Novice: 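Once you've had a glance at the structure underneath, I'll fire off some questions.
Keep in mind the model is a prediction, meaning the values are calculated, not measured.
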Amino acid sequence: MRLAANDVVGAVVTDVDAAALDAAGFAAIDDALLNHQMLVIRGQQLTPDSFIAFARRFGPIDLHVLDRYWMPGHPEIYVISNIVEDGRPIGNPREGFGWHTDLNYFANPTAITLLYGIEVPTHGAETLFADTAKALAALPRARRAALRQLSARHSYQLLHASRPWLPPMTPAQIERTPDVRHPVVRRHPRADREGLYLCDWSNVRLELPDEAEAKAVQEELLAHMIRPEFVQAHHWRPGDLVLWDNRTLIHTATEYDRERQRRLVWRTSVRGEVPMSAGGILAAALASH
């Protein structure tokens, strides 16, 4: 295995077959992910089964709320694509736009996301990653201390409402996605690292007495989190397997020429723990008050 660190966050891994890793090889990947937060494993040739099997080595898989984009026969894989076959999109063409962390609206949000690029545009469609641990560390000490006392409401129903092109939520989807509260500063359970755990106003609401102030503060924090010195761009190649740690990274897709370029990406999400605040208070405890 060869590994080359990126300038800001993440690393590129070559000479690895993710589908054939023994215990020692997987431990090396797991350790690299813990240290670098994001990995790009080049040149993979995965089947749906081998992709799912590799993801399960990190933990249990959570199914996406939008079941219409599950891969037939493999619901663990959420298909992202602008390709239309027999008059029907084979995947979600608008997934991943806007800075976010995956499945943050669950009590146990995603720990690790995996994307496997099968067809990727030659221009555009980069994935951008922002290191929220570096962003937090760059704030004044007093500001960090104040943010550690705050929580935010995370809501899939707000997110769904912000996307008018989606059909109405089903009763089962509504039941599966009650609003949850998570700490604004999240401590990593396996590393000496803490980061800001916020997305934009479409699905996360900072909890302050005054809503206008809350929105202004949240927008200011997000603008800080995505400053250029905290952001790394990934330029896709076919066969790239990209995996990252959602606890201290946020990410966004970027646009591409949907009319002339094809994109087909598989995604799966590994369930994480209940987010822990920097002081060790579980978000579940916050929600009880």
Novice: Among the clusters formed by ILVMFWY side chains lying less than 4.5 Å apart, do Ile77 and Val270 turn up in the same one?
Specialist: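 Ile77 and Val270: one cluster.
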
Novice: Main chain of Glu229, side chain of Lys134: is a donor-acceptor contact present, judged purely on distance under 3.5 Å?
Specialist: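 Not a single qualifying donor-acceptor pair exists.
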
Novice: Side chain of His224, backbone of Leu222: donor and acceptor closer than 3.5 Å?
Specialist: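 Not at all, since once roles are kept as given, no pair shorter than 3.5 Å links the two residues.
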
Novice: Dump the intermediate steps for side-chain hydrogen bond (donor to acceptor under 3.5 Å, both in side chains) on Asp62 and Ser269, then the final yes or no.
Specialist: CA-CA 6 Å; Asp62 262 331; Ser269 303; over 6 Å; no

Novice: Please answer whether the main-chain N or O of Glu126 pairs with a side-chain N or O of Thr254 as donor and acceptor at a distance below 3.5 Å.
Specialist: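 Here the side-chain-to-backbone pair exists.
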
Novice: Is there a donor-acceptor pair closer than 3.5 Å between any side-chain N or O of His123 and the backbone N or O of Gln261?
Specialist: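 Not at all, since once roles are kept as given, no pair shorter than 3.5 Å links the two residues.
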
Novice: Indicate yes or no: at least one non-hydrogen side-chain atom of Met71 is less than 4.5 angstrom from one of Pro48.
Specialist: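 Touching, per the 4.5 Å side-chain cut-off.
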
Novice: With a 3.5 Å distance limit and no angle check, can you tell me whether Thr248 reaches the backbone of Gly195 through a side-chain donor-acceptor pair?
Specialist: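 No, the answer is negative, given that no donor and acceptor are paired below the 3.5 Å cut-off.
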
Novice: Step by step, would you call Met169 with Gln157 a side chain to side chain contact (heavy atoms under 4.5 Å, CB included)?
Specialist: CA-CA 8 Å; Met169 293 181 68; Gln157 295 181 41; 3.8 Å; yes

Novice: Tell me whether Leu243 shares a hydrophobic cluster with Phe51, the cluster being built from Ile, Leu, Val, Met, Phe, Trp, Tyr side chains joined at under 4.5 Å.
Specialist: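 Yes, same cluster.
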
Novice: Using the rule that Ile, Leu, Val, Met, Phe, Trp and Tyr join whenever any side-chain heavy atoms are under 4.5 Å apart, tell me whether Leu66 and Val265 fall into a single cluster.
Specialist: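 As far as the 4.5 Å side-chain criterion goes, Val265 and Leu66 are connected within one cluster.
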
Novice: Check whether any side-chain heavy atom of Glu207 sits under 4.5 Å from a side-chain heavy atom of Arg181, and report yes or no.
Specialist: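 Counting from C-beta outward, Glu207 and Arg181 do come under 4.5 Å.
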
Novice: Answer yes or no: are there more than 12 heavy-atom neighbours, outside Glu255 itself, under 6.0 Å from its atom CD?
Specialist: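 Yes, because the 6.0 Å sphere around CD of Glu255 holds more than 12 heavy atoms from other groups.
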
Novice: Flag the pair Thr101 / Leu249 as yes when at least one side-chain heavy-atom distance between them is below 4.5 Å, and no otherwise.
Specialist: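 Of all side-chain heavy-atom pairs linking Leu249 with Thr101, none is under 4.5 Å.
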
Novice: Salt bridge or not for Arg205 and Asp179, using N-O below 4.0 Å?
Specialist: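 Answer for the salt bridge query: no.
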
Novice: Is there a side-chain hydrogen bond (donor to acceptor under 3.5 Å, both in side chains) between Thr47 and Ser50? Walk through the geometry before answering.
Specialist: CA-CA 5 Å; Thr47 65; Ser50 63; 3.1 Å; yes

Novice: With side chain to side chain contact (heavy atoms under 4.5 Å, CB included) as the test, pick out the partner of Tyr197 among Ile250, Asn104, Val204.
Specialist: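 Running side chain to side chain contact (heavy atoms under 4.5 Å, CB included) over Ile250, Asn104, Val204 with Tyr197 returns exactly one hit, Asn104.
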
Novice: Anything under 3.5 Å between a donor and an acceptor, one on a side chain of residues 89-97, the other on a protein residue two or more places apart or in another chain? List them.
Specialist:
unit_1: Asn92; atom_1: OD1; unit_2: Arg94; atom_2: N; d: 3.0
unit_1: Asn92; atom_1: ND2; unit_2: Tyr78; atom_2: OH; d: 2.9
unit_1: Asn92; atom_1: ND2; unit_2: Glu95; atom_2: OE1; d: 3.0
unit_1: Glu95; atom_1: OE1; unit_2: Tyr78; atom_2: OH; d: 2.7

Novice: For Thr122 and Tyr256: C-alpha separation, side-chain torsions, deciding distance, then whether side chain to side chain contact (heavy atoms under 4.5 Å, CB included) applies.
Specialist: CA-CA 9 Å; Thr122 56; Tyr256 63 99; over 6 Å; no

Novice: Nearest heavy-atom pair of Ala107 and His182: which atoms, and what distance?
Specialist: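 Where Ala107 meets His182 most closely, the heavy atoms are O-CE1, 3.6 Å.
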
Novice: Could you pull out the closest heavy-atom pair between Gln44 and Ala18, with the gap in Å?
Specialist: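 Closest heavy-atom pair between Gln44 and Ala18: OE1-N, 2.7 Å.
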
Novice: For the side chain of Ser155 and the backbone of Leu158, is there at least one donor-acceptor N/O pair under 3.5 Å apart?
Specialist: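 A pair under 3.5 Å: yes.
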
Novice: Stepwise, does the ring pair (Phe, Tyr, Trp, His ring centres under 6.0 Å) test hold for Phe54 with Tyr116?
Specialist: CA-CA 11 Å; Phe54 178 70; Tyr116 175 50; over 10 Å; no

Novice: Give the intermediate values and the outcome of ring pair (Phe, Tyr, Trp, His ring centres under 6.0 Å) for residues Trp244 and His251.
Specialist: CA-CA 10 Å; Trp244 66 90; His251 63 283; 4.6 Å; yes

Novice: So, for Phe230 and Ala138, which heavy atoms are closest and what is the spacing to 0.1 Å?
Specialist: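 Looking at all heavy atoms of both residues, the shortest contact is CZ-CB, 3.8 Å.
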
Novice: Do Pro75 and His64 have side chains that approach each other closer than 4.5 Å (heavy atoms only, starting at C-beta)?
Specialist: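 Heavy-atom side-chain distance check fails, nothing below 4.5 Å.
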
Novice: For a quick test of reading the model, state the closest non-hydrogen atom pair linking His160 to Pro167 and the distance between them.
Specialist: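 Taking every non-hydrogen atom into account, CE1-O, 2.8 Å.
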
Novice: For Ile83, is there any backbone N or O sitting under 3.5 Å from a side-chain donor or acceptor partner on Ser81?
Specialist: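 Yes.
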
Novice: Should Leu114 and Ile41 be counted in the same cluster of Ile, Leu, Val, Met, Phe, Trp and Tyr side chains packed under 4.5 Å apart?
Specialist: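 Yes, because Leu114 and Ile41 connect within a single hydrophobic cluster, where side-chain heavy atoms sit under 4.5 Å apart.
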
Novice: Take His188 and Asp245, measure what side-chain hydrogen bond (donor to acceptor under 3.5 Å, both in side chains) needs, and give me the verdict at the end.
Specialist: CA-CA 10 Å; His188 198 287; Asp245 192 328; 2.5 Å; yes

Novice: Take Asn6 and His36 through the test side-chain hydrogen bond (donor to acceptor under 3.5 Å, both in side chains) and record every step on the way to the result.
Specialist: CA-CA 9 Å; Asn6 292 327; His36 294 280; over 6 Å; no

Novice: Are side-chain heavy atoms of Thr14 and Arg42 found at a separation under 4.5 Å?
Specialist: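 Yes, side chains in contact.
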
Novice: Show your reasoning for whether salt bridge (Lys or Arg N to Asp or Glu O under 4.0 Å) applies to Arg263 and Glu119.
Specialist: CA-CA 5 Å; Arg263 185 174 185 236; Glu119 293 187 63; over 6 Å; no

Novice: With a 4.5 Å cut-off on side-chain heavy atoms, are Phe129 and Val231 touching?
Specialist: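 They are not in side-chain contact.
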
Novice: Is the closest side-chain heavy-atom distance between Arg141 and Arg144 below 4.5 Å?
Specialist: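 A side-chain contact under 4.5 Å exists here.
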
Novice: Can you check side chain to side chain contact (heavy atoms under 4.5 Å, CB included) on Val40 and Val13, steps first, answer last?
Specialist: CA-CA 6 Å; Val40 179; Val13 178; over 6 Å; no

Novice: Determine, stepwise, if the pair Arg271 / Thr110 fulfils side chain to side chain contact (heavy atoms under 4.5 Å, CB included).
Specialist: CA-CA 5 Å; Arg271 182 186 312 147; Thr110 297; over 6 Å; no

Novice: Do Asp240 and Arg237 meet the salt-bridge criterion of a basic N to acidic O distance under 4.0 Å?
Specialist: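 Asp240 and Arg237: not salt-bridged.
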
Novice: Can you give each donor-acceptor pair under 3.5 Å made by side-chain atoms of residues 27-34, sequence neighbours left out, with the distance rounded to 0.1 Å?
Specialist:
unit_1: Asp30; atom_1: OD1; unit_2: Arg190; atom_2: NH1; d: 3.4
unit_1: Asp30; atom_1: OD2; unit_2: Arg190; atom_2: NH2; d: 3.0
unit_1: Asp31; atom_1: OD2; unit_2: Asn35; atom_2: ND2; d: 3.3

Novice: With distance as the sole test, does Asn203 use its side chain to make a donor-acceptor pair with the main-chain N or O of His154 at under 3.5 Å?
Specialist: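 No; zero donor-acceptor contacts below 3.5 Å.
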
Novice: Write down the atom of Ala152, the atom of Leu206, and the distance for their closest heavy-atom approach.
Specialist: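 What the structure gives for the nearest pair is CB-CA, 4.0 Å.
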
Novice: Where the side chain of Gln37 meets the backbone of Asp131, is there a donor-acceptor pair that is under 3.5 Å apart?
Specialist: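 Judged by distance alone, no pair lies under 3.5 Å.
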
Novice: May I ask you to decide whether Arg148 forms a salt bridge with Glu194, counting only side-chain N to carboxylate O separations under 4.0 Å?
Specialist: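 Salt bridge present between Arg148 and Glu194.
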
Novice: I'd like to check the side-chain contact (heavy atoms from CB on, under 4.5 Å) partners of Val65; sequence neighbours left out, ordered by chain and number.
Specialist: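 Val65 satisfies side-chain contact (heavy atoms from CB on, under 4.5 Å) with Tyr105, Phe106, Tyr156, Gln173, Arg176, Thr177 once adjacent residues are dropped.
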
Novice: Applying the 4.5 Å side-chain criterion to the ILVMFWY set and letting contacts propagate, would Val180 and Leu208 be lumped into a single cluster?
Specialist: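 Not linked; separate clusters.
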
Novice: Using every non-hydrogen atom in the two residues, find where Met225 and Leu198 come nearest and quote the distance to one decimal.
Specialist: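 Scanning both residues completely, I find the closest heavy atoms to be CE-O, 3.6 Å.
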
Novice: Less than 4.5 Å apart, side chain to side chain, heavy atoms only: is that true for Thr127 and Val242?
Specialist: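 Thr127 vs Val242: side chains apart.
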
Novice: Charged N to carboxylate O below 4.0 Å: is that the case for Arg88 and Asp86?
Specialist: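 Here Arg88 does not pair with Asp86 in a salt bridge, since their nearest N and O are not under 4.0 Å apart.
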
Novice: Does Leu21 offer a backbone N or O that forms a donor-acceptor pair with the side chain of Arg57 under 3.5 Å?
Specialist: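 Answer holds: yes.
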
Novice: Heavy-atom count check: over 12 atoms from other residues, nucleotides or ligands less than 6.0 Å from Asp192 CG?
Specialist: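 No, not enclosed.
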
